[in-house]
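All remarks here apply to the structure that follows.
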Amino acid sequence: NEGKKVSVSRDNALLLEIKTSREWDSPRGKGEHWPHLLIAQDFPKKFTVIGELEKLLFTVEVKLEKCENKMEEGTFNPRLHTAHTPLYFVVRNDNKQSADYGQKIWLGIHSFDYRYPELKHQDNLRKDKGTSSYMYNIPPKDFWGDVSFNDHQWHRGNVDLLPYIIQAVETVQKKDIFKNSTLDDLRVTGMNFGWEVPGIFDAAVRIKNLSLRAVYK
């Protein structure tokens, strides 16, 4: 529709463009939903059992094309409004014999966020009301380095996700999630990436060379 565009360029980069100026008549209020434009993939069952892994190597390149604030002066509220491009992996207990079967967490890697021109060097844990699941976000500066997506250049991140997954599991166990789980019960079941725009922004991002490689023990 007029508010969303998806295209592939000759270098196999995927463009995700969202125009929430076509979606909103006025700035978002507290409790209101917002437009998304996400790509997603589910992984094969035996691909990423955490207890079988020695490493889980993740690489991606991202380039911010534009992010235009279309809100009238004085209406932007950073507690309600932004445009950002989170990437999440789903870590789920997939053992039907486990008492924790079906429990999941989101392992996040943030990239661009209109509110924060500089990447942070700290992790973050919060509960997502929509899915009633915890989100553990790794320090974005650990993944991307000391960069700014506002330069509109390609930026490449790569990391072994396994230590962060283990850290996330240990963190949420303190919240009574995965209390009865071992690493052999858990696997990475899928991922998603793209725009979440709880505000009036016209924005576009490109992504390419998305790779997740399992190295087994």
Side-chain angles (χ1 to χ4, degrees), residues 28 30-34 36 38-43 48-51 53 55-60 62 77-95 98-147 149 155 157-199 212:
R28 171 183 177 259
K30 185 176 181 180
E32 291 185 316
H33 296 294
W34 59 84
H36 298 62
L38 304 173
I39 58 172
Q41 183 175 356
D42 294 329
F43 301 148
T48 50
V49 176
I50 304 303
L53 297 177
K55 294 180 181 180
L56 187 61
L57 304 175
F58 176 60
T59 302
V60 67
V62 169
N77 178 348
R79 298 184 66 180
L80 294 175
H81 309 130
T82 193
H84 64 136
T85 53
L87 184 150
Y88 281 103
F89 291 96
V90 180
V91 179
R92 182 175 182 266
N93 184 311
D94 216 33
N95 179 3
S98 171
D100 294 338
Y101 174 67
Q103 286 188 359
K104 68 180 180 182
I105 60 172
W106 301 85
L107 183 80
I109 302 174
H110 281 208
S111 48
F112 172 75
D113 189 320
Y114 178 83
R115 298 167 296 180
Y116 310 119
E118 295 183 1
L119 298 179
K120 295 183 178 181
H121 191 51
Q122 63 189 51
D123 60 2
N124 173 265
L125 179 72
R126 67 182 182 88
K127 194 163 188 180
D128 177 49
K129 292 181 180 179
T131 62
S132 298
S133 302
Y134 279 99
M135 292 179 158
Y136 179 86
N137 296 291
I138 76 173
K141 201 173 249 188
D142 283 9
F143 184 74
W144 297 106
D146 191 14
V147 304
F149 288 93
H155 294 289
N158 64 91
V159 76
D160 177 7
L161 286 178
L162 187 58
Y164 292 104
I165 292 174
I166 293 171
Q167 177 63 48
V169 170
E170 292 175 351
T171 300
V172 298
Q173 282 177 335
K174 299 174 184 176
K175 303 287 186 180
D176 291 330
I177 305 297
F178 295 155
K179 276 296 233 185
N180 304 294
S181 301
T182 69
L183 295 181
D184 290 326
D185 297 325
L186 306 177
R187 73 180 188 92
V188 182
T189 61
M191 60 78 64
N192 64 59
F193 167 83
W195 285 109
E196 294 194 20
V197 189
L212 184 68

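No experiment lies behind these values; they were computed from the predicted model shown. Numbers for residues simply follow the sequence, beginning at 1. Values reported hereafter were calculated over all heavy atoms of this structure, with side chains retained and with hydrogens, waters and symmetry mates removed.
- The side-chain contact (heavy atoms from CB on, under 4.5 Å) test applied to Val60 returns Phe58, Val62, Phe143, Trp144, Ile207, Leu210, not counting sequence neighbours.
- Sorted by first and then second residue, the pairs that involve residues 83-93 and meet salt bridge (charged side-chain N to carboxylate O under 4.0 Å, His left out), not counting sequence neighbours, are Arg92-Asp94.
- Looking at Asp146 and Leu119, their side chains never come closer than 4.5 Å, going by heavy atoms from C-beta outward.
- In this structure, the separation between CG on Leu57 and CG on Asp160 is 5.5 Å, given to the nearest 0.5 Å.
- Put simply, CD1 on Ile177 and NZ on Lys104 are 12.0 Å apart, with the number rounded to the nearest 0.5 Å.
- Every residue two or more places apart in sequence or in another chain that forms a side-chain contact (heavy atoms from CB on, under 4.5 Å) with Tyr116 is listed here: Asp113, Lys120.
- Residues Phe89 and Leu212 meet the side-chain proximity criterion, which asks for heavy atoms closer than 4.5 Å.
- Within the model, atoms CD of Glu32 and CG of Leu80 stand 9.0 Å from one another, a figure rounded to the nearest 0.5 Å.
- At a threshold of 4.5 Å between non-hydrogen side-chain atoms, the residues His81 and Tyr114 do not count as touching.
- Checking side-chain atoms of Thr59 against main-chain N and O of Asn158 turns up no donor-acceptor pair under 3.5 Å.
- The closest side-chain heavy-atom distance from Trp106 to Asn192 is below 4.5 Å.
- In the displayed structure, Gln173 atom CD is contacted under 6.0 Å by more than 12 heavy atoms of other residues, nucleotides or ligands.
- Side-chain contact check for Leu161 versus Ile109: some heavy-atom pair is nearer than 4.5 Å.
- You'll find the side chain of Trp195 stays beyond 4.5 Å of the side chain of Trp34, heavy atoms only.
- A pairwise comparison of heavy atoms in Phe43 and Val188 identifies CD1-O, 3.5 Å as the closest pair.
- Counted within 6.0 Å of NZ on Lys141, heavy atoms from surrounding residues, nucleotides or ligands total more than 12; the atom is thus considered enclosed.
- Residues Val172 and Gln103 fail the side-chain proximity criterion, which asks for heavy atoms closer than 4.5 Å.
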